[in-house]
Amino acid sequence: MDIPDTFKLFQQTWHVRTGTEKELPNELGMCYVDSNEILLRTQGLPADTIIHTFLHELVHSIEQKLELDMTERQVDLMALGLIDLFRSNPSMVELLLPLEE
């Protein structure tokens, strides 16, 4: 599984890394909007759980930067919806890529 170490969002670089047991004692992931960092628990988890957690934290990064004040349930359901949308329609991802000039 190729979760990126960094990504860009709103012209800012974000970092993604595996969190320690101490950093994530009761969580699968965390989004720290002030430091542009996402932590993920990866050890011993199925790939689908890690992907779902990553998308969940990505939704958090967007909603917190935009101050949308979504509930945890709304964030989680949006992540699940995006996973289903892109898995059911892989060609839709191509629509989001930059157009060739």
Side-chain angles (χ1 to χ4, degrees):
M1 178 175 8
D2 292 327
I3 301 232
D5 294 331
T6 62
F7 66 92
K8 290 276 199 183
L9 178 65
F10 303 125
Q11 301 300 312
Q12 298 176 329
T13 300
W14 283 68
H15 299 276
V16 181
R17 67 179 177 84
T18 300
T20 66
E21 190 69 32
K22 184 177 180 181
E23 291 172 310
L24 299 170
N26 300 309
E27 304 288 340
L28 295 178
M30 288 296 296
C31 174
Y32 293 103
V33 70
D34 292 335
S35 60
N36 293 352
E37 185 174 42
I38 290 177
L39 304 184
L40 298 172
R41 181 185 303 249
T42 57
Q43 190 164 1
L45 295 175
D48 277 350
T49 299
I50 297 168
I51 291 167
H52 176 194
T53 302
F54 183 50
L55 258 297
H56 177 103
E57 299 308 331
L58 287 175
V59 172
H60 267 308
S61 68
I62 295 166
E63 71 92 13
Q64 288 178 16
K65 285 290 186 179
L66 296 177
E67 299 180 1
L68 297 177
D69 200 30
M70 294 170 68
T71 66
E72 197 66 18
R73 184 172 190 272
Q74 289 170 322
V75 168
D76 201 52
L77 293 175
M78 182 62 69
L80 287 171
L82 289 170
I83 289 169
D84 184 66
L85 176 69
F86 292 127
R87 284 187 175 165
S88 298
N89 306 281
S91 64
M92 288 186 72
V93 174
E94 294 175 20
L95 291 173
L96 304 176
L97 299 175
L99 299 175
E100 290 185 31
E101 295 182 23

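By the rule that hydrophobic residues join a cluster once side-chain heavy atoms approach within less than 4.5 Å of another member, Leu95 and Leu85 end up as members of separate clusters. Under the 4.5 Å side-chain heavy-atom criterion for ILVMFWY residues, a single connected hydrophobic cluster contains both Met92 and Ile62.
Evaluation of the salt bridge (Lys or Arg N to Asp or Glu O under 4.0 Å) rule for Glu27 yields no partner, not counting sequence neighbours. In this structure, Arg73 has no salt bridge (Lys or Arg N to Asp or Glu O under 4.0 Å) partners at least two apart in sequence or on a different chain. Residues satisfying the salt bridge (Lys or Arg N to Asp or Glu O under 4.0 Å) criterion with Asp84, sequence neighbours excluded, are absent altogether. Scanning for ring-ring contact (aromatic ring centres under 6.0 Å, His included) contacts around Phe86 gives an empty result, with sequence neighbours left out.
Across every non-hydrogen atom of Trp14 and Val33, the tightest pair is CH2-CA, 3.8 Å. Between Met30 and Glu57, the shortest heavy-atom contact is C-OE1, 3.4 Å.
Counting heavy-atom neighbours within 6.0 Å of Met70 CE, excluding the residue itself, gives a total above 12. Dense packing is recorded around CG of Asn89, with more than 12 heavy atoms of other residues, nucleotides or ligands lying under 6.0 Å away.
Screening Thr18, Leu55, Leu45 for a side chain to side chain contact (heavy atoms under 4.5 Å, CB included) with Ile50, the sole residue that qualifies is Leu45.
Taking the side chain as every heavy atom from C-beta outward, Asn36 and Thr13 never approach each other to under 4.5 Å. Proximity of His15 to Asp5: side-chain heavy atoms (C-beta onward) are nowhere separated by under 4.5 Å. Residues Ile51 and Arg87 have side chains in contact (heavy-atom distance under 4.5 Å, counting atoms from C-beta outward). Looking at heavy atoms from C-beta onward, Glu63 lies out of side-chain contact with Met78 at the 4.5 angstrom threshold.
No donor-acceptor distance shorter than 3.5 angstrom exists from the side chain of Asp76 to the backbone of Glu72, with no hydrogens or angles considered.
For the atom pair Thr42 OG1 and Leu28 CG, the distance stands at 10.5 Å (nearest 0.5 Å). To the nearest 0.5 angstrom, Leu58 atom CG is 8.5 Å from Leu9 atom CG.
Applying the ring pair (Phe, Tyr, Trp, His ring centres under 6.0 Å) test to every pair with at least one member in residues 25-57, sequence neighbours left out, gives these pairs: His56-His60.
Side-chain contact of Thr20 with Glu23: a donor-acceptor pair under 3.5 Å is present, judged by distance alone.
Members clustered with Leu80: Leu77, by chain and number, using a 4.5 Å side-chain heavy-atom cutoff among hydrophobic residues.
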